Every structure is written in structure tokens, then in C-alpha cells.
Amino acid sequence: MDSDPPFHETNKTLFAVTKPLNNDWLAAVMAVEELELPSIDLTWLSLESPEKERCKNDIARAANEWGFFQVVNHGISRDVLEKMRDEQVKVFKQPFQHKCREDKFMNVSAGSYRWGTPTATCLRQLSWSEAFHIPMTDSLGDTSIFSSSSLHQFATKVASLAQKLAEILAEKSGKKSTFFQENSLPSTCYLRLNRYPPCPIPLFGLMPHTDSDFLTVLYQDQVGGLQLVKDGKWVAVKPNPEALFINIGDLFQAWSNDCYKSVQHCAVTNPTKERFSVAYFFCPSYDTVIESCSSDKPSVYRRFSFKEYRQQVQEDVQNYGYKIGLPRFLV
């Protein structure tokens, strides 16, 4: 049985009516400048001031100027990361029909497995990828196909890392807060295991978007393909086998009153190589209310709940084929 999703067969109408190489939007998936993200050595956080404070300032500066940065010496060994990738490969090599019946064959919640873009009306809206969305509440049970020790270790470490980074960013935005400890618990967060199959023509593996969370922690392999907008243009992110990649989500941008930036990013396909990544999404409970933490300037965004934000995003994607995001919630 074939393990790959039927991208061509399902989207043959889109391929028939679209000439992808002639579209301007493909500027994001063609050759672009490759840059190395700001790198933060987390060992400095265990030292005394001023080194510790300098490290915190570097984190806040990267979140403000880039919305993305990479962290090294994060406490997860290369051995664990490589084993996790090997196990991830095995999961995605399961027959496609088994992945579509993940509740029966893989002992994970129905709806965890997703592929392509069901609502796509043109190739610009098509994501050439497959993924498992795994809530932390039920992702790592002993009978699940995802019950590997390496995934356990990764999830535990990145959950702690996300909480630590959120608290540093809160402090550096002028507000020491227990907000994240109270509202962003492991039970409200989730993992997404991604696979980007080889694609013979340049397409998005994941179309341009911002993340609807506070923070995302990403581990990616060395194939490359992550791109982001910096100073108004698309740039490619240079892979780093020693690093985890951090990006600011929409909720943190709103909560920080635009102190930190949630920037557009995407994944692009490779013509000959498959690419794997694992992302941890640091989210609050649905009832959590997001409002500006700034007291020295007017709020850019009105108060809204995470549930309201998610519903608006889903509605916009359904109606327009893409997410509008924070502009919907401007004051």
C-alpha cells in the first residue's frame, strides 16, 4: 500500500487550470537569499548577571526585530533529536489508508492526520505536506504509535522551554506576569509532526501564514525549506542541526501590544528530498482573554478570547481561502 497522499489525483483540476511557474506568488518558493537567524546560547541563562541579563535582552531583541530566532544548548541531545526523526519517518511510512484511519490503526484521536488543503481553489492555496496534530493531553499514551521515549523527552523539554521563554519576553516587555503559567499549560498545547514529500514543481509545503499561538518551538532536519519575511522580502532560514527555532505567534504580538512580531513564514518543497519537522505550539485555553500588557501606550488590539480568534481564523479561511489574523482585531 502506498504511504504518500494522492496529491496529484486529488488536485488534478488545479494542475490543469494553473500554470504555476508563471505566477508572481512563486517568488516565495523560488531561490531567495539564505540567512542565519539570531542565535541565542541558553547556557547564559544559568549564569549570574550581567551575562544572564544580556541573554534575556538578546531574546527580546530578536523577538522584536525578527519574530524568529534559534536557540542552542537547549538541553535536548542530538541523539534524542535524531531518534525522534527516525521514529517520525516510520510513522509517515504507514500506508496512507491507515493514516486516514488513525483512530483505528494508530491509536490516536480521529482527525489528527491531515494532508494537503481541502479548501484550495488554486495551486497558491495548496500545501504539499502531511501532518499529525497531536494534543498534549492524549499524544503520548503507551499504546499510541507516538509513544516513543524520544518524543516524550522532546515534548517535555520544549514545553518547559516555551514557558521559560514566554516569561522572559513578558519581563522584557515591562511586565513580570504569571499569565503564562496560569493559562498556557501542557494540556492546552500540541505537537505537529510534519512531512513534506518531494515535489517535481515548486510549490508551498505550507502556504504563507502566521501562527495562532503565543510561541512555536520547531525542530527541523537539514533539508531546508523554512522561509520568512524580513524587511519586506522573503528569506530562507539556514538549517542548524544543533538548534531549535523559535517564532512569535499572533497572541504574543497582541498581548505585547506589538512589542514582539508574529511574521509571515512558509515551508517550500524540495524536488528530490522529503523534509521532516516537529513543532510545539504554546497555546492558552480557549477561554483565555488576550489583552495588551502595555500600560504606557494605547492598546493596538481589542480584547478577545483565544476561542474567538480561532473561530474568526477558521471562518476567514473558509470564506477567502486564507487567514486574515490580527488585523481583524484592531481597535
Side-chain angles (χ1 to χ4, degrees), residues 35-40 42 44-45 52-71 74 158-184 188-189 208-218 226-232 235 237 243-266 279-284 288-306 309-310 313 323-331:
L35 297 179
E36 189 167 346
L37 292 180
S39 184
I40 310 295
L42 296 183
W44 293 108
L45 292 178
K52 183 175 183 178
E53 288 306 309
R54 187 179 303 118
C55 182
K56 289 182 178 181
N57 289 334
D58 289 344
I59 291 170
R61 185 180 306 109
N64 172 267
E65 296 177 357
W66 284 76
F68 266 82
F69 54 94
Q70 58 184 322
V71 296
H74 42 66
V158 295
S160 175
L161 173 61
Q163 189 71 239
K164 178 187 295 185
L165 292 173
E167 291 171 5
I168 290 171
L169 290 169
E171 175 188 342
K172 291 302 174 180
S173 66
K175 187 174 181 181
K176 286 193 175 183
S177 174
T178 59
F179 176 86
F180 298 103
Q181 294 178 7
E182 295 168 352
N183 294 287
S184 294
T188 66
C189 304
H209 65 286
T210 57
D211 289 348
S212 301
D213 62 355
F214 282 117
L215 292 171
T216 304
V217 183
L218 177 76
L226 175 63
Q227 298 188 4
L228 59 89
V229 174
K230 174 60 174 168
D231 297 330
V235 297
V237 174
L244 297 176
F245 296 84
I246 315 297
N247 68 275
I248 301 298
D250 299 342
L251 302 187
F252 221 135
Q253 177 169 329
W255 191 82
S256 70
N257 211 30
D258 279 355
C259 178
Y260 306 126
K261 306 302 182 185
S262 177
V263 303
Q264 285 258 319
H265 56 284
C266 69
Y280 176 83
F281 294 89
F282 186 59
C283 302
T288 300
V289 174
I290 310 300
E291 56 185 328
S292 169
C293 68
S294 177
S295 58
D296 59 355
K297 66 176 183 178
S299 294
V300 178
Y301 307 97
R302 66 173 177 83
R303 297 172 76 250
F304 59 89
S305 69
F306 184 38
Y309 192 76
R310 288 291 299 270
V313 168
K323 166 186 167 181
I324 295 175
L326 284 178
R328 288 285 197 190
F329 296 85
L330 291 169
V331 171

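Numbering starts at 1 and runs along the sequence shown. Computed from a predicted structure; not experimentally measured.
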**OP:** Could you walk me through whether L35 and V237 pass the side-chain contact (heavy atoms from CB on, under 4.5 Å) test, one step at a time?
**Re:** CA-CA 5 Å; L35 297 179; V237 174; over 6 Å; no

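- The minimum heavy-atom distance linking A279 with L218 is given by the pair CB-CD1, 4.0 Å.
- Rounded to the nearest 0.5 angstrom, D258 CG and S173 OG are separated by 12.0 Å.
- Partners of R310 by side-chain hydrogen bond (donor to acceptor under 3.5 Å, both in side chains), not counting sequence neighbours: none found.
- In this structure, A62 and P38 approach most closely via the heavy-atom pair CB-CB, 4.0 Å.
- Qualifying ring-ring contact (aromatic ring centres under 6.0 Å, His included) partners for H209, counting only residues two or more places apart in sequence or in other chains: H265.
- Classification of K164 and E167 as a salt-bridged pair fails, no side-chain N sitting under 4.0 Å from a carboxylate O.
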Check: residues 64-71 side-chain donor-acceptor pairs under 3.5 Å, at least two apart:
unit_1, atom_1, unit_2, atom_2, d
N64, ND2, C259, O, 2.6
Q70, OE1, N240, ND2, 3.0
Q70, NE2, L37, O, 2.9

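- A pairwise comparison of heavy atoms in V229 and V263 identifies O-CB, 4.2 Å as the closest pair.
- With sequence neighbours left out, the salt bridge (charged side-chain N to carboxylate O under 4.0 Å, His left out) criterion links K323 to D250.
- Taking Y301 as the reference, nothing meets the ring-ring contact (aromatic ring centres under 6.0 Å, His included) condition, with sequence neighbours excluded.
- Under a 3.5 Å cut-off, the side chain of E291 and the backbone N or O of R303 do not form any donor-acceptor pair.
- A donor and an acceptor atom, one from each side chain of K297 and N257, are nowhere located under 3.5 Å apart.
- Applying the ring-ring contact (aromatic ring centres under 6.0 Å, His included) test to F180 and every residue at least two apart in sequence or in another chain returns F214, F252, W255.
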